[in-house]
Amino acid sequence: MKENNTDNDNLPKRPSNFIRDIIDNDLETRKYEGRVQTRFPPEPNGYLHIGHAKSICLNFGLAQSYNGKCNLRFDDTNPTKEEEEYVNSIKEDVRWLGFSWGEKEFYASDYFEQLYEWAEQLITQGQAYVDDLTAEQIREYRGTLTAPGISSPYRDRSVEENLDLFRRMRAGEFPDGSRVLRAKIDMASGNINMRDPVMYRVLHARHHRTGDKWNIYPMYDWAHGQSDSVEKITHSICTLEFEDHRPLYEWFVNALGIYAPQQIEFARLNLTYTVMSKRKFLILVNEKHVAGWDDPRMPTISGMRRRGYTPEAIRNFCDRIGIAKRDSLVDVAMLEHAVREDLNKTAPRYMAVLKPLKVVITNYPEGQVEELDAVNNPEDPGQGIRKVPFSRELYIEQDDFREDAPKKYFRLAPGQEVRLRYAYYITCHNIVKDSTGNIVEVHCTYDPLTRGGDSPDGRKVKGTIHWVSAAHAVQAEVRQYDRLFNVSDLDAMEGDFRDYLNPDSLEIISDCKLEPNLADVKAGDRMQFERLGYFCVDKDSTSEKLVFNRTVALRDSWAKIEKNMNGN
RNA sequence: UGGGGCGUCGCCAAGCGGAAAGGCACAGGGUUUUGGUCCCUGCAUACGGAGGUUCGAAUCCUCCCGCCCCAGCCA
C-alpha cells in the first residue's frame with residue numbers, strides 16, 4: 001500500500017514556467033473558481049508538426065497536472081483552406097502523442113449560429129457595421145504602422161441598415177468580397193488590429209461540416225475568443241504573434257458581456273536545420289522535395305512517427321525545452337537525444353550489416369552452423385536472449401575493416417584481432433581484391449576457445465564488431481536520413497529556403513544483410529541495429545522486400561576521434 | 001518617427017531583493033562483448049549596456065543598445 005500518495009504524485013513532473021506561475025496565482029485568488037480549462041485549437045488546413053506538439057504537450061499537460069481539462073477544438077472558420085482529411089490526421093496525431101480529449105471534439109463551426117447572434121448584438125449596440133469598401137480600399141483606409149487610418153464612409157450607417165445588410169449577407173444576396181461586417185473600434189489606434197477589424201466576410205464556399213448553410217464566415221479574431229468563452233476556457237494559450245490581438249480578444253468578450261477567458265502567449269518552437277511552417281511544408285511536398293507530409297525527413301508528427309520517433313520521446317523533448325516568451329532556436333540534437341534516450345531503454349537489439357564485406361573464416365569447418373546466444377537488450381534483461389546463426393562465411397560492415405588501420409582503429413585490420421559480437425575472436429590474415437584493387441573478401445581465422453566472445457586466457461581485444469552469417473542473411477533496404485537542410489538557422493539566411501535543401505538528406509542502401517530473426521518484422525516495429533543506430537520498419541516494407549528507416553544513429557565517438565585526427 | 005514583446009553559459013532554461021538550478025552540446029576520466037548505455041569531473045566572479053535605489057540587485061528605478069511581431073475579407 002502506498003502512503004501519502006496524492007493524485008499529483010502520479011502526474012508527470014514538469015519544470016516551472018511563467019504560465020504555471022499565472023495559473024498558480026489564479027488558483028490562489030480563485031479567479032476561475034479553481035478551474036483549469038485549456039484547449040488546443042488547430043486549424044484543419046494541414047498536418048501537425050513538432051511545433052504543434054509543443055503546444056499540445058503544454059495545453060494537455062497543464063490540464064493533467066492541474067486536474068483540469070483540455071479541449072481539442074478545430075478552428076474551422078475558413079472553408080477555402082480546410083478539409084476533413086486534416087481533422088482526421090490531427091485527431092490521429094494527438095491521440096498518438098498520448099493525449100485524450102474526452103467524449104467529443106469541438107469545432108468553431110459549431111458556434112457559427114451563436115457567433116452570428118452575437119454579431120447582431122454588437123450591431124444593435126452600435127459597435128459593428130457593414131462596410132461596402134473593397135478589400136483594397138479597406139487596406140488603404142487602414143493607414144500604416146506609423147500613420148492612423150481613416151474612417152470608412154459606411155462607418156456611421158444606422159443600426160437598422162446594418163442589421164438589414166448583415167442579414168442579407170447571411171442570406172447570400174451579395175457576392176464574395178462585396179461587403180464585410182466590421183467592429184467599430186478605433187481607426188487611429190496604434191494597434192492595427194483595433195482599427196475596425198473585419199468580423200465577417202462574404203464567402204460562398206462549401207464548409208466541410210456546415211456544407212452550404214453559410215454564405216458568410218467569421219474571422220479568427222471574432223471566432224476565437226468567443227469560442228473560448230463558450231467552452232469556459234480559463235487559460236487560452238497561443239503563440240507570440242497573437243499578442244497584438246489580445247486587446248481585441250478582450251474587447252469582444254467585454255462588449256458582449258460574456259464570460260472572459262484570458263489569453264496567454266508563448267514563443268513557438270524553432271528547430272535548427274528545420275523549417276516549421278505549413279506553407280513551406282506544402283511547397284516541399286508539392287514540389288516533391290520530399291515524398292509527402294509523412295516523409296520521415298519532415299518535422300510533421302506523421303513524418304516523425306514514420307521515422308520511428310516515439311510519443312514518449314517527443315513528450316520528453318517538449319517538457320525539456322521549456323515554455324517562455326523569448327524567441328528561440330532549439331538545437332535538433334536535443335530532439336535526437338530524446339529519442340535515443342527512450343529507444344535505448346526499449347528497443348530490442350539486432351545485428352545488421354548495411355554495407356557488406358564478405359569474411360571467410362578459413363579454419364572454420366565448411367557446412368557447420370552454430371546457434372549462438374545474443375542478448376536482446378542489455379538495458380532490459382527482461383527482453384531475454386535469442387539465437388543467432390554463425391557459419392564459415394559472414395558479412396561485416398565495410399567500415400569495420402581497414403587495410404591500413406590508423407592509430408586507435410580497434411576494428412578488423414591485417415594481423416589485428418577483434419571480437420565478433422556474441423561469437424568468436426577472429427584475426428585477419430589475407431585480403432582478396434578484384435582486378436581493380438577493390439577489397440572483395442577478407443580471410444580470417446577464428447579462435448575456437450573464444451566461443452560466445454570470451455577468451456579463457458583473459459586476453460583482451462579492443463574492438464567488437466557486428467556480423468551476419470552470409471547463408472542465413474535476410475536481404476533488406478535501409479533508408480538513412482540526414483537533416484533536410486544544411487544550414488542551422490534557416491530564418492537567418494537570405495534568399496529562398498529551398499536554396500538550402502540538403503541534397504544528401506536521403507540515402508537508400510539496397511543490399512543490406514540482416515540477421516534472420518528480422519525476417520518477420522512488421523511495419524512500425526522499432527529496433528536497434530547494434531553499433532549503428534535505431535531503426536524502424538517502414539510502411540513500404542513487405543515480406544518480399546523489407547524496408548527500414550533509420551530513426552537516428554547511435555552516438556559515434558570513433559567518428560569524432562577520426563575527424564579530429566584528420567584535423568577536423 | 002506608431003503599437004506590442006523579448007534580452008541569464010555555444011543552444012534551450014530555472015531564478016520573482018540575500019550571495020547564478022537543470023538539460024543539450026562540448027572537453028577529460030572510469031566501467032563496458034554495442035568506440036552504445038551508464039558513472040564521475042570540468043564548463044557564466046557572471047545575468048544586453050550604463051547609471052541609480054539598497055547593508056545587499058539577474059531580480060526594483062532610469063536611460064541607452066539589440067532582436068522579434070503587427071498594415072489578410074489567413075489563422
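Chain letters run A, B, ... following the sequence lines, proteins first and then strands; every chain starts at 1.
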Checklist entry - Mind checking whether A:Y86 and A:F74 have ring centres under 6.0 Å apart? => result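 Aromatic pair excluded; centres sit 6.0 Å or further apart.
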
List every contact pair, protein side and nucleotides 72-75 of chain B side both N or O, where the distance is under 3.5 Å.
unit_1: B:G72; atom_1: OP2; unit_2: A:R142; atom_2: NH2; d: 3.2
unit_1: B:C73; atom_1: OP1; unit_2: A:R142; atom_2: NH2; d: 3.2
unit_1: B:C73; atom_1: OP2; unit_2: A:R142; atom_2: NH1; d: 3.0
unit_1: B:C73; atom_1: N3; unit_2: A:G177; atom_2: O; d: 3.1
unit_1: B:C73; atom_1: N4; unit_2: A:L133; atom_2: O; d: 2.9
unit_1: B:C73; atom_1: N4; unit_2: A:A135; atom_2: N; d: 3.1
unit_1: B:C73; atom_1: N4; unit_2: A:G177; atom_2: O; d: 2.9
unit_1: B:C74; atom_1: OP2; unit_2: A:R201; atom_2: NE; d: 3.1
unit_1: B:C74; atom_1: OP2; unit_2: A:R201; atom_2: NH2; d: 2.9
unit_1: B:C74; atom_1: O3'; unit_2: A:R201; atom_2: NH2; d: 3.3
unit_1: B:C74; atom_1: O2'; unit_2: A:N78; atom_2: ND2; d: 3.1
unit_1: B:A75; atom_1: OP1; unit_2: A:T77; atom_2: OG1; d: 2.6
unit_1: B:A75; atom_1: OP1; unit_2: A:R201; atom_2: NH1; d: 3.3
unit_1: B:A75; atom_1: OP1; unit_2: A:R201; atom_2: NH2; d: 3.1
unit_1: B:A75; atom_1: OP2; unit_2: A:Y220; atom_2: N; d: 2.9
unit_1: B:A75; atom_1: O3'; unit_2: A:D75; atom_2: OD2; d: 3.2
unit_1: B:A75; atom_1: N6; unit_2: A:H245; atom_2: NE2; d: 3.4

By the 4.0 Å heavy-atom rule, please label [X] as base, sugar-phosphate, or nothing.
X: A:K560; result: sugar-phosphate
X: A:R195; result: nothing
X: A:Y409; result: base

Does the structure show a Watson-Crick or G-U wobble partner for [N], both distances under 3.5 Å? Name it, or say none.
N: B:G42; result: B:C26
N: B:C63; result: B:G49
N: B:A58; result: none

Can you tell me how far [atom1] in [N] sits from the matching atom in [M], rounded to whole Å?
N: B:G15; M: B:C9; atom1: C1'; value: 15 Å
N: B:U1; M: B:C68; atom1: P; value: 15 Å
N: B:C24; M: B:U59; atom1: P; value: 29 Å
N: B:C60; M: B:A14; atom1: P; value: 16 Å
N: B:G49; M: B:A58; atom1: C1'; value: 14 Å
N: B:G72; M: B:C16; atom1: P; value: 43 Å
N: B:U8; M: B:A20; atom1: C1'; value: 8 Å
N: B:U32; M: B:G22; atom1: P; value: 29 Å

Give the minimum heavy-atom separation between [X] and [Y], together with the two atoms involved.
X: A:P79; Y: A:H207; value: CB-CA, 3.8 Å
X: A:A413; Y: A:A405; value: CB-CB, 3.7 Å
X: A:V461; Y: A:R419; value: CG2-CB, 3.7 Å

Round to a whole Å and report the spacing from [atom1] of [X] to [atom2] of [N].
X: A:D21; N: B:U59; atom1: CG; atom2: C1'; result: 14 Å
X: A:R268; N: B:G5; atom1: CZ; atom2: P; result: 19 Å
X: A:D454; N: B:U32; atom1: CG; atom2: P; result: 12 Å
X: A:R20; N: B:C16; atom1: CZ; atom2: P; result: 18 Å
X: A:M187; N: B:G3; atom1: CE; atom2: C1'; result: 15 Å
X: A:E243; N: B:C67; atom1: CD; atom2: P; result: 19 Å
X: A:L271; N: B:A25; atom1: CG; atom2: P; result: 14 Å
X: A:D186; N: B:G3; atom1: CG; atom2: P; result: 13 Å

Please enumerate all protein N or O atoms sitting under 3.5 Å from an N or O of nucleotides 36-38 of chain B, with distances to 0.1 Å.
unit_1: B:G36; atom_1: OP1; unit_2: A:S557; atom_2: OG; d: 2.9
unit_1: B:G36; atom_1: N2; unit_2: A:E379; atom_2: OE2; d: 2.7
unit_1: B:U37; atom_1: O2'; unit_2: A:N344; atom_2: ND2; d: 2.9
unit_1: B:U37; atom_1: O2'; unit_2: A:E379; atom_2: OE1; d: 3.1
unit_1: B:U37; atom_1: O2'; unit_2: A:E379; atom_2: OE2; d: 3.3

Hey, what's the ring geometry for [X] with [Y], parallel, tilted or perpendicular (30° and 60° as the breaks)?
X: A:F390; Y: A:Y446; answer: tilted
X: A:F281; Y: A:H49; answer: perpendicular
X: A:Y249; Y: A:H224; answer: tilted

Item to check | Contacts of type salt bridge (charged side-chain N to carboxylate O under 4.0 Å, His left out), residue A:E370, not counting sequence neighbours | outcome: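 So A:E370 forms a salt bridge (charged side-chain N to carboxylate O under 4.0 Å, His left out) with A:R451.
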
Item to check | Partners passing salt bridge (charged side-chain N to carboxylate O under 4.0 Å, His left out) against A:R315 (at least two apart in sequence or in another chain) | outcome: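 Result, salt bridge (charged side-chain N to carboxylate O under 4.0 Å, His left out) vs A:R315: A:E312.
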
Throw together a table of side-chain donor-acceptor distances under 3.5 angstrom for residues 485-493 of chain A, partners on residues two or more places apart or in other chains.
unit_1: A:D489; atom_1: OD1; unit_2: A:D491; atom_2: N; d: 3.2
unit_1: A:D489; atom_1: OD1; unit_2: A:A492; atom_2: N; d: 3.4

Item to check | Nucleic acid footprint by protein, nucleotides 7-14 of chain B - heavy-atom cut-off 4.0 Å, B for base, S for sugar-phosphate alone | outcome: SB--SSBS

Next on the checklist: Quick check on side-chain contact (heavy atoms from CB on, under 4.5 Å): which of A:I123, A:V202, A:L122, A:V198 does A:L181 satisfy it with?
Outcome noted: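 It is A:I123; the other options fail the test.
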
Checklist entry - Do A:R483 and A:Y273 meet the cation-pi criteria used here (NZ or CZ under 6.0 Å from the six-membered ring centre, within 45° of the axis)? => result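 Output yes; distance and angle both within limits.
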
Item to check | Side chain to side chain, A:R73 and A:Y111, heavy atoms closer than 4.5 Å | outcome: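 Heavy-atom side-chain distance check passes, below 4.5 Å.
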
Checklist entry - Within the modelled atom types, does a donor on one side and an acceptor on the other bring the side chain of A:N191 and the base of B:G4 under 3.5 Å apart? => result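 Between B:G4 and A:N191, which were checked side chain against base, a qualifying N/O pair under 3.5 Å is absent.
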
Item to check | Anti versus syn assignment for B:G5, with syn defined as within 90° of 0 | outcome: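 With its glycosidic angle more than 90° from zero, B:G5 counts as anti.
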
